[in-house]
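Below you'll find the structure, written out as structure tokens, and then a few comments.
We name chains A, B, ... by the order of the sequence lines, and we start the count at 1 in each one.
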Amino acid sequence: MSRYDASSIEPKWQKAWEEAGTFAATRDPSKEKFYVLEMFPYPSGRIHMGHVRNYTMGDVVARYKRNMGFSVLHPMGWDAFGMPAENAAMATGGHPKDWTYKNIEEMKSQMKPMGWSLDWSRELATCDPEYYGQQQALFLDFLEKGLVYRKNAVVNWDPVDMTVLANEQVIDGKGWRSGAEVERRELTQWFFKISDYSDELLSALDGLKDWPEKVRLMQANWIGKSQGLRFAFERVDGGDPIEVYTTRPDTLMGASFVGISADHPLAKELAAADPKIAEFAALCRKGGTTAAELETAEKLGMDTGLRVKHPLDPNWELPVWIANFILMDYGTGAIFGSAAHDQRDLDFARKYGLPVIDTFFDLKDPKPVENTAFLPPKTEKVKWVSHFTGLDEATGEEAIAATVEFAEKAGWGTGHTQYRLRDWGLSRQRYWGCPIPVVHCDACGVVPEKKENLPVELPYDVSFDIPGNPLDRHPTWRDCACPSCGKPAKRETDTMDTFVDSSWYFARFTAPRADTPTVAEDVDYWMNVDQYIGGIEHAILHLLYSRFFARAMNMTGHLPEKSREPFNALFTQGMVTHAIYKTTSAEDRPVYHYPEQVEAREGGVFVKDTGEQVEVIPSAKMSKSKNNVVDPLAIIADFGADTARWFVMSDSPPERDVEWTASGAEGASKHLARVYRIVSDIADATGEGTGDDDLLREMHKTIKAVSEGIEGFAFNTSVAKLYGFTNTLQKSQAGAGAKKTAARTLAQLMSPMTPHLAEELWSMLGGEGLVADAPWPKLDEAMLVEDTVTLPIQVNGKRRDEITVPTDMDKAEVEKLALATEGVQRALDGNPPKKVIVVPGRIVNVVA
RNA sequence: GCCCGAGUGGCGGAAUGGUAGACGCAGGGGAUUCAAAAUCCCCCGACUUCGGUCAUGUCGGUUCGAGUCCGACCUCGGGUACCA
């Protein structure tokens, strides 16, 4: 008898699938389609366990749906633009393009042996002009429809390297290479007008029934719809009024100051005239641009000396302060500070000795605010201090509504709906991205490139020896003719955010070689993505941008109406984590060690070579820079792809993070070998036996459980059921016929997870054709019906005994039997039961 | 800081509000073997006077019954608009 040998089985079946063209997606109007997509990878050069998990999940669904009779589209491509390629070029002197394509080849060669049912003929890379040229066409169409514009926005500026830094390149407020203190600087940048869709992107979330609730919630909070009041403070000096937006206009009588952003036009005007203010504004601009950094920075303010009039009392003057915590990007870049009812305003008021005025109190405990702002839920009733609208006891919600009405009637303010969502800045001052296809002409201004001149290709002859964007300093690439007047002009040197690349690739997969971004028949047939799978880390940005793009592509005729929401169902998998092993260098820099470089012994974990003790940071996201990436290739080499696939599908629920440990892969491999052994015995078996029906009943239960597990993304429970069924099959004394039926079904049920082994078993058992093409086993509901059921008997919620009764026994009879049991008698100790609860088919609870 | 999650044996985890720990890993014992590998069988939360008692991050609540629902907290993770 032969033994299970993955290294001979796997290539054999991969070849068979390839020769039969099994996984090539074809538009077949006679079949219902199913589009399975996993978020495409960044070509880092090596696949990691996260990829194996992600793509195996998608593959299980894709194969299952094929077996269910769908015409399946399951493509693969590369999110190939981005910073790592430039970083590699800087570090090693190579070229981003060469580095990227080499990585793609390497990763592909690692992915092929996994046996994923991918249609490789649709492979695309976002750094390919065939792809990004079409992206430029989309950009031009969006521009024409008014969905793209230019405005100023802040970036992280490294004053030593004279370059823009990404947020991850700013460490503790300093540039990662220069170490210089980073400052915020304004640049003119390109923006997508995602804010046009704020309300629709929010309200449409309700329709995304097959998205995780948490993702919809995160997106809703991100869009951040709020109702408030807009009004202007008149300046005492008669200058331009200061427009503010507030969500708590009801607390206007508690105003203690007006605050403006350091980037507010008024702040700039004052800074131009007063060096002290200019100095303070510069101080406010220190540090990076991230929200976390801005929010946690020490609150700083400076009195401008300007005074404004309170809208409800012209004799009441409020000071105008510049404050570093007010963002120019949100609202009007100016607020009024209501210190008693906003913690940030309160801290600020206490720090600078500004008044704190209570405007309402707790009904039960009316005491003035000290150093904790009073912020009850807006739905809770509070006691107002002589509110100008006449309210006495009312909720915040009621007070806000009354205030807006009051202000509108009086004519000094208007109700306003504000969104936290900002327009999407897409400009990047970098080389390795999609060039923005516009031209700057002295005579005509900013002019879109002509479509027939697309793609605007990146030049190859660039260098990365000095910081900054090589496109800026390229000797000739920028030179071009103005598309409008034909005179010499300069190309835009900004490239696009890589989120743009990933915002429409799912649509491009439906016609990846077309000379338009999409093709109507293909998007009509294949869209939408029926099941999208990816990391939870993309819950907000990537998914929101894609939802915007789908709408914009619909508006510009590249996607049908039905695709305005492009992903019908979303599953967010957890990450594969692994401990980080960290030490600190002599220069006080962190040093990360690979798992194979360290060993655990008594007293801790140590570096093998040096004996130095390492700090173990558990359950950290696998990251190349932290050296905690586990290599799946070793597992494939040792045990085969099916073992790797089976292992990542078992145990951990897919939505949860999984901490990778080396033990377990061997167990998975042993199990597959055992299945192989059991099935080959059955393949040779003949004759009658006993318990055929029991085996077939168990088989149908397994069909049900495995199918439900796959449909419900609980692959781990499908795997557990398959373990159980294998045990049953092994112990079964049934005849050869029943056993063969059961074994054939086992092969089919395993086929989404371990397709190579399944094909081998299928052919061993004389199955027709490929198991990849075979219809999914049919469930016989009649086989699931049981005649008896075992009921646990509880007394006061604690299990005391159990009884086995006919499934259809009536409640009174069950109650009688339950009370008679030894366990219940003992627990009752002669006392009569107060109450007996019988849940048919489930449980009996006796209340003593 | 803010938003969103997660927490169950030594480990990964299972459990429509209904027997907590399915299934697997590791571990222990046995069979087979000259011996081993491989395989097969059994045991495996803690304590126990063997009746039970305690156990699902902590503390409270709802319920006949809570891992599951509600409230507060702790710890860890993700996102935070230029990492992808």
Side-chain angles (χ1 to χ4, degrees), chain A residues 3 39 41-42 44 79 81-84 155-156 164-170 212-215 217-222 224 288-297 325 329 343-344 420-430 497-499 501-502 535-542 544-545 572 574-575 577 618-621 623 625 650-653 655-659 661 663-668 670-671 673-674 677 714 716-717 719-724 727 730 790-802 826-827 834-837 839 841-848:
Chain A
R3 287 189 54 213
M39 291 178 186
Y42 180 80
S44 61
D79 189 12
F81 274 136
M83 291 204 309
V155 294
N156 301 303
V164 176
L165 298 178
N167 286 334
E168 72 161 7
Q169 297 173 323
V170 179
E213 181 58 36
K214 63 178 169 186
V215 174
L217 194 56
M218 279 191 258
Q219 293 221 352
N221 289 337
W222 186 260
T289 56
T290 66
E293 207 170 332
L294 294 171
E295 290 279 345
T296 53
F325 61 85
D329 289 322
Q343 191 60 45
R344 206 166 45 180
R420 205 186 73 99
L421 179 65
R422 306 198 298 255
D423 275 333
W424 171 10
L426 69 117
S427 296
R428 295 293 179 271
Q429 294 71 42
R430 271 183 260 289
D497 178 6
T498 54
F499 273 123
D501 312 335
S502 55
I536 185 65
E537 65 271 25
H538 294 291
I540 298 175
L541 293 179
H542 162 62
L544 191 63
Y545 289 156
T572 54
M575 292 174 307
T577 63
S619 301
K621 176 177 168 176
S623 159
S625 61
S650 57
D651 291 352
S652 265
E655 70 278 9
R656 210 182 292 182
D657 289 353
V658 58
E659 171 104 17
T661 54
S663 66
E666 201 169 331
K670 277 185 192 170
H671 177 73
R674 184 166 153 248
R677 224 170 22 245
N716 53 325
T717 60
V719 168
K721 192 68 193 176
L722 286 166
Y723 267 107
N727 293 341
Q730 186 179 29
T790 300
L791 299 178
I793 316 297
Q794 297 182 332
V795 178
N796 290 336
K798 287 199 195 319
R799 185 183 172 280
R800 288 292 123 120
D801 218 319
E802 65 179 33
R826 190 163 46 219
K834 287 205 187 92
K835 194 173 164 188
V836 180
I837 292 146
V839 183
R842 298 238 60 130
I843 202 165
V844 180
N845 191 12
V846 180
V847 185

**Asked** For RNA chain B, what dot-bracket results from Watson-Crick or G-U pairs at under 3.5 Å, with [ ] for crossers and | for inter-strand partners?
**Response** (((((((..(((.....[....))).(((((.......))))).(((....)))..(((((..]....))))))))))))....
**Request:** Mind telling me whether A/Tyr545 and A/Phe499 have parallel, tilted or perpendicular rings, with 30° and 60° as the class edges?
**Result:** perpendicular
**Prompt:** How long is the span from the CG atom in A/Leu541 to the OG atom in A/Ser502, to the nearest 0.5 Å?
**Reply:** 10.0 Å
Quick test: give all pairs of protein nitrogen or oxygen and nucleotides 5-7 of chain B nitrogen or oxygen below 3.5 Å, distance rounded to 0.1 Å.
{"unit_1": "B/G7", "atom_1": "OP1", "unit_2": "A/Arg656", "atom_2": "NH2", "d": "3.2"}

**Message:** Could you check whether the side chain of A/Asn221 and the base of B/C3 have a donor-acceptor pair of N or O atoms closer than 3.5 Å, going by distance alone?
**Reply:** no
[X] side chain: which of [options] is closest?
X        : options             : answer
A/Pro792 : B/G18, B/C83, B/U19 : B/U19
A/Arg800 : B/G52, B/G24, B/C40 : B/G52
A/Ile843 : B/G78, B/G65, B/U19 : B/U19
A/Thr790 : B/U19, B/A15, B/C83 : B/U19
A/Thr717 : B/G1, B/A15, B/C83  : B/A15
A/Gln794 : B/C83, B/A20, B/C64 : B/A20
A/Met83  : B/C83, B/C23, B/A14 : B/C83

**Request:** For A/Val844 and for A/Asp79, locate the closest nucleotide of RNA chain B by heavy-atom distance; then report the residue assigned to the nucleotide nearer the 5' terminus.
**Result:** A/Val844
**Complete:** By nearest-heavy-atom nucleotide on RNA chain B, the more 5' of A/Arg799 and A/Pro84 is A/Arg799
Assign [X] to base, sugar-phosphate, or nothing according to its heavy-atom contacts below 4.0 angstrom with the strands shown.
X        : answer
A/His671 : nothing
A/Arg674 : sugar-phosphate
A/Ala539 : nothing
A/Lys721 : nothing
A/Val847 : sugar-phosphate
A/Leu544 : nothing
A/Gly425 : sugar-phosphate
A/Gln429 : base
A/Val846 : nothing
A/Gly82  : sugar-phosphate
A/Ser502 : nothing
A/Trp222 : base

Could you tell me whether the phosphate oxygens of [N], OP1 or OP2, come under 4.0 Å of any side-chain nitrogen or oxygen in [X]?
X        : N     : result
A/Asn167 : B/A81 : yes
A/Arg677 : B/A38 : no
A/Asn716 : B/A22 : no
A/Gln730 : B/U39 : no
A/Thr290 : B/U80 : no
A/Arg826 : B/C50 : no
A/Ser652 : B/G13 : yes

**Message:** Between A/Thr289 and A/Asn167, is there a side-chain donor-acceptor contact under 3.5 Å, judged purely by atom types and distance?
**Reply:** yes
**Request:** State, without any angle test, whether A/Asn727 and A/Arg674 hold a side-chain donor-acceptor pair at a distance under 3.5 Å.
**Result:** yes
**Complete:** A/Glu655 meets the salt bridge (Lys or Arg N to Asp or Glu O under 4.0 Å) criterion, sequence neighbours left out, with none
**Message:** Quick check on B/G77: syn or anti? Syn means the glycosidic torsion is within 90 degrees of zero.
**Reply:** anti
**Where the chi angle of B/G9 falls, syn if within 90° of 0 and anti if not** = syn
**Item:** A/Asn845 CG - B/G17 P separation (whole Å)
**Value:** 18 Å
**Steps toward side chain to side chain contact (heavy atoms under 4.5 Å, CB included) verdict (A/Arg677, A/Arg3)** = CA-CA 7 Å; A/Arg677 224 170 22 245; A/Arg3 287 189 54 213; over 6 Å; no
